[in-house]
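Taking it in order: structure first as structure tokens, then the write-up.
In what follows, chains are A, B, ... by sequence order, proteins preceding strands, each numbered from 1.
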Number of protein chains: 2
Amino acid sequence: MPAPDASPRSRRDRPAKPALTADGIVAAAVKLMNQGHDQVTLRLLARELDTGPASLYVYFRNADELHAAMLDEMLGEVDLTPVTAPGDWRERLMKILASYIHILYTRPNLARSALVSRPRGRNYFDLIEALMSVLYEGGMDTERAAWGVDLLLQLATATAVEHGTRNQDPNAAQEWQAFLTALRTIRPDRHPHITAATAELVSGTPEARSRWQFLVLLNGILTAPAPSPRTP
Amino acid sequence: MPAPDASPRSRRDRPAKPALTADGIVAAAVKLMNQGHDQVTLRLLARELDTGPASLYVYFRNADELHAAMLDEMLGEVDLTPVTAPGDWRERLMKILASYIHILYTRPNLARSALVSRPRGRNYFDLIEALMSVLYEGGMDTERAAWGVDLLLQLATATAVEHGTRNQDPNAAQEWQAFLTALRTIRPDRHPHITAATAELVSGTPEARSRWQFLVLLNGILTAPAPSPRTP
DNA sequence: ACCTGAACACCGTTCAAGT
DNA sequence: ACCTGAACACCGTTCAAGT
């Protein structure tokens with residue numbers, strides 16, 4: 001009598017299939033992503049969970065909603081410790097943003113969903129709270145801090161999408177070369193300013209550019225007219 | 001003798017099929033897009049051109065390359081006349097950017113490709129030239145103008161992606177409601193700054209926000225430290 | 001009621017076979 | 001040599017049918 005089992009026909013060799021929950025699905029999806037799957041599709045995820053793609057629609061209205069849930073899960077990894085660290089507030093703010101960008105950088109698809117869907121999970125609000133806290137240290141009023149956070153995150157997300165996707169593309173280097181060639185063959189009579197600024201248009205490392213951009217934003221938020229003047 | 005024709009079996013009722021060229025394909029693709037097709041897929045386009053999708057690979061290495069070509073074509077519609085118009089340079093610059101955003105706004109898919117692929121067509125360089133020209137009027141040096149153009153376009157593109165895609169989504173309104181609800185149920189002990197700034201976080205029309213953002217950028221570019229100090 | 005197999009209506013890309 | 005029909009390997013979403 002080989003392989004005795006209480007109910008031999010109801011089990012398989014693989015581990016018992018856990019009951020599905022929204023959190024469990026998101027956890028499995030994040031796990032797949034961290035294993036290197038750039039695109040966590042509903043079908044891949046369903047395969048992993050040993051079911052069909054239709055089952056996921058019990059927990060998420062569509063693929064976008066799943067991606068949004070994955071995003072909030074990832075945002076829990078953003079390093080918010082610079083909030084209470086010593087040092088210049090600008091540097092600490094940029095550290096938080098750099099952590100945010102870094103997390104999205106290797107997941108350009110999630111970054112894209114961050115640009116489009118307005119996150120509203122707990123981790124997202126923790127991030128907003130942290131950024132506002134540092135902005136207040138910089139002496140901003142409530143309005144500037146609120147609108148400023150939005151702007152800072154929009155640029156950070158766009159940066160992650162841009163660089164992350166490019167980094168993922170195998171012909172990124174050759175696209176860059178093509179851009180340089182196009183820039184060098186610009187005709188001075190039609191594009192005099194570009195011709196004169198060829199070097200500056202491509203100078204700086206991505207990191208240097210990004211750092212400058214955030215300093216520009218912080219200076220601008222501090223010095224530009226407030227969003228809505230209290231005395232209209 | 002009805003319908004005499006030199007070679008009756010070599011023609012169809014539909015108009016003579018024009019020979020394919022890269023420009024012709026892009027023109028057909030843009031035409032489809034302007035007819036309301038949000039996603040101009042290779043298959044749809046091939047159907048329109050009375051051929052199979054494989055034929056398009058003779059002219060474009062992949063779908064991304066086609067989208068990039070479409071993007072440059074669309075950029076020809078950006079209104080650059082504010083460059084030479086009278087009035088405040090900031091207002092004129094924002095008019096150009098508004099035109100750029102408006103063109104991408106109803107084509108979020110193209111906007112996404114603008115964020116990822118670095119355009120290098122003639123119309124793109126015309127846009128850069130125009131923006132730099134206005135920035136110089138604002139008194140910027142070459143470095144600030146070059147890096148500034150990049151930053152301004154990055155924000156403009158991100159704005160178009162964000163608002164355009166949301167606008168396209170039928171449940172955008174109900175997503176916004178869900179966000180408002182999430183914001184109102186924030187717990188003051190965990191998120192004191194958000195609680196205190198609830199109104200400011202959602203205030204302002206998208207246009208007012210966008211306008212403020214660009215003023216922030218312009219002020220920041222003017223007042224932030226130059227990208228690379230000449231005396232290190 | 002909750003779940004899901006199978007089908008529907010698509011994709012981009014490749015390649016062998018046509019002209 | 002240039003072009004393309006057909007196939008490959010996928011998608012997200014729906015819905016009738018199961019338990």
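- Distance A:L44 CG to D:dC11 P: 7 Å, rounded to the nearest Å.
- Of the two residues contacting DNA chain C, namely B:L42 and A:G52, the nearest-nucleotide position lying further toward the 5' end is that of A:G52.
- Residue-level contact check: A:Y59 touches the backbone only, with heavy atoms under 4.0 Å from sugar-phosphate atoms and none from bases.
- The gap from the P atom of D:dA9 to that of C:dA9 amounts to 23 Å, rounded to the nearest Å.
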**Study point:** Audit row: B:D79, B:T81, side chain to side chain donor-acceptor pair (under 3.5 Å) steps and yes/no
**Key:** CA-CA 6 Å; B:D79 178 18; B:T81 58; 2.6 Å; yes

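- Taking atom C1' on both D:dA16 and C:dC3, the two are 12 Å apart, rounded to the nearest angstrom.
- Electrostatic pairing of B:R209 and A:D150 counts as a salt bridge here, judged by a charged N lying under 4.0 Å from a carboxylate O.
- Put simply, the side chain of B:T51 never gets that close to the backbone of B:R47: no donor and acceptor are under 3.5 Å apart.
- Atom-to-atom, CG of A:D50 to P of C:dG5 comes out at 9 Å; the value is rounded to the nearest Å.
- In this structure a side-chain-to-backbone donor-acceptor pair under 3.5 Å is missing from B:N109 to B:R112.
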Practice item. Go through the steps for A:Y105 and A:T159 under the test side chain to side chain donor-acceptor pair (under 3.5 Å), then give the verdict. Key: CA-CA 8 Å; A:Y105 183 80; A:T159 300; over 6 Å; no

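- C:dG12 atom C1' lies 11 Å from atom CG of B:L56, rounded to whole Å.
- Counting only N and O atoms by type, the side chains of A:H193 and B:E129 include a donor and acceptor under 3.5 Å apart.
- Minimum atom distance to the side chain of B:V58 is reached by D:dT4, of the listed C:dT4, D:dT4, D:dG12.
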Review point. Using a cut-off of 4.0 Å between protein heavy atoms and nucleotide atoms, how would you tag nucleotides 14-19 of chain D 5' to 3' with B, S and -?
Key: BB----

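- Atom CG in A:L49 sits roughly 13 Å away from atom C1' in C:dT4 (whole-Å rounding).
- Taking atom CD of residue A:Q39 and atom P of nucleotide D:dA9, one finds them 19 Å apart after rounding to whole Å.
- With respect to the salt-bridge test (charged N to carboxylate O, under 4.0 angstrom), the residues A:D72 and A:R120 do not qualify.
- With no hydrogens or angles considered, no side-chain donor-acceptor pair links B:T21 and B:Y59 at under 3.5 Å.
- Consecutive Watson-Crick or G-U pairs involving DNA chain C, each under 3.5 Å on both distances, make up stems of three or more pairs at C:4-8 with D:12-16, C:12-16 with D:4-8.
- Atoms CG (A:L45) and C1' (D:dC10) sit 16 Å apart, rounded to a whole Å.
- Of all heavy-atom pairs spanning B:E73 and B:N123, the tightest one is O-ND2, 4.0 Å.
- Between the C1' atom of D:dA9 and the CZ atom of A:R47 lies a distance of 10 Å, rounded to the nearest Å.
- Regarding B:R43, its CZ atom lies at a distance of 12 Å from the P atom of D:dA6, rounded to whole Å.
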